[in-house]
Amino acid sequence: MGLGVPGRRSKQCDIGGNVAWRLVASDGADEDVDHGQVLASFDEAFRFRQEDPERGVVGLREPQLGAVYAVLGHWASRRSQPATVVMPTGTGKTETMVALLVAGRVERLLVIVPSDALRDQIAIKFERLGLLKGLGVVAGSA
C-alpha cells in the first residue's frame, strides 16, 4: 500500500508481530531501497541554518535548532541512557525529527504515534524530508 507520495512507495511488513512500513524503490520494483545509498545522500547534506525573519532568512526555528544540537550532543557522548526531547505545541517537532535523521545520519529511527492518520502524515514527511529542503537546511541531493 502506498502513502500517496509521487515516485515513492512503501509496503507493509511484519516485524516481530508488529506492523511496519518500508520504503521500496521508486521504479516500483518490489525490493527495499538500499539504506546505504540513502545514508550516503545525507553526507554533507545538513546545514545548521537558523531562521532570521528580520533579515529574511529561512531555516530552523530556535527551539528546533536547540533540540538538534542537544540530541546530537547526547548521541556524541555515547551515553546508554535514553533521552527525551520536549518541545511545545507548534514548534516543529516533526521537522526536528526529520532534521535529526539527516544531521545524525541515523540508520534506524523509531517514531511512535497515537493514530494511523498521524503515522501516514509523518511517514510522508520523512519520505519527502519535510520542509527542510525548501528551508535550505537539507540539500536537494538528499
Side-chain angles (χ1 to χ4, degrees), residues 1-16 18-79 81-142:
M1 174 177 178
L3 294 174
V5 179
R8 298 283 187 154
R9 290 187 9 179
S10 55
K11 68 178 179 181
Q12 185 175 343
C13 57
D14 182 291
I15 299 176
N18 296 300
V19 174
W21 295 91
R22 296 190 70 153
L23 191 60
V24 295
S26 60
D27 63 5
D30 194 26
E31 51 190 67
D32 296 334
V33 170
D34 179 356
H35 77 276
Q37 289 178 332
V38 173
L39 282 177
S41 77
F42 294 164
D43 286 344
E44 307 294 324
F46 186 80
R47 286 185 61 200
F48 290 91
R49 182 176 176 157
Q50 185 170 345
E51 173 186 67
D52 186 350
E54 290 179 10
R55 293 182 24 231
V57 175
V58 294
L60 293 174
R61 296 183 206 144
E62 191 173 317
Q64 293 170 312
L65 197 54
V68 169
Y69 278 123
V71 171
L72 292 175
H74 179 77
W75 288 345
S77 70
R78 306 229 184 261
R79 301 176 88 186
Q81 298 97 331
T84 302
V85 176
V86 179
M87 296 171 65
T89 301
T91 54
K93 291 180 286 296
T94 302
E95 299 301 325
T96 302
M97 288 186 287
V98 175
L100 283 165
L101 175 77
V102 178
R105 298 187 68 245
V106 180
E107 289 190 33
R108 291 181 184 90
L109 184 66
L110 176 64
V111 178
I112 300 172
V113 295
S115 70
D116 288 345
L118 189 55
R119 181 202 62 221
D120 291 347
Q121 176 187 346
I122 288 177
I124 290 168
K125 287 241 184 197
F126 273 92
E127 288 179 12
R128 295 180 181 168
L129 298 178
L131 302 172
L132 300 179
K133 288 182 179 183
L135 295 174
V137 174
V138 172
S141 60

query: Any sub-3.5 Å donor-acceptor pair from K93's side-chain atoms to V85's backbone N or O?
result: no
field: Shortest non-hydrogen separation from M97 to L109 and the atoms involved
entry: O-CD2, 4.1 Å
- prompt: Which atom names give the shortest non-hydrogen contact between S141 and S41, and what distance separates them?
  reply: O-CB, 3.7 Å
message: Return the OG1 to CZ distance between T91 and R61, rounded to the nearest 0.5 Å.
response: 7.0 Å
query: When rounded to the nearest 0.5 angstrom, what is the spacing between CG in L60 and CZ in F46?
result: 5.0 Å
- request: First locate atom CD1 of I112, then atom CD1 of I122, and finally report the distance between them rounded to the nearest 0.5 Å.
  value: 11.0 Å
- line: Nearest heavy-atom contact between K125 and T94 is CD-CG2, 3.9 Å
- prompt: Which pair of heavy atoms, one from A99 and one from V68, lies closest together, and at what distance?
  reply: CB-CG2, 4.0 Å
query: Under 3.5 Å, is there a donor-acceptor pair between the side chain of R49 and the main chain of V58?
result: yes
message: Looking at every non-hydrogen atom in both residues, tell me the closest pair between L39 and V106 and how far apart they are.
response: CD2-O, 3.5 Å
query: Do the side chains of L101 and F42 get nearer than 4.5 Å, heavy atoms only?
result: yes
query: Is a side-chain N or O of H74 found less than 3.5 angstrom from the main chain of Q81, in a donor-acceptor match?
result: yes
task: Can you measure from CD (E95) to CG (L129) and round to the nearest 0.5 angstrom?
output: 9.5 Å
task: Identify the heavy atoms of T96 and A67 that sit nearest to each other, and give their distance.
output: CG2-CB, 3.8 Å
- line: CD (Q64) and CG (L135) are apart, to the nearest 0.5 Å, by 8.0 Å
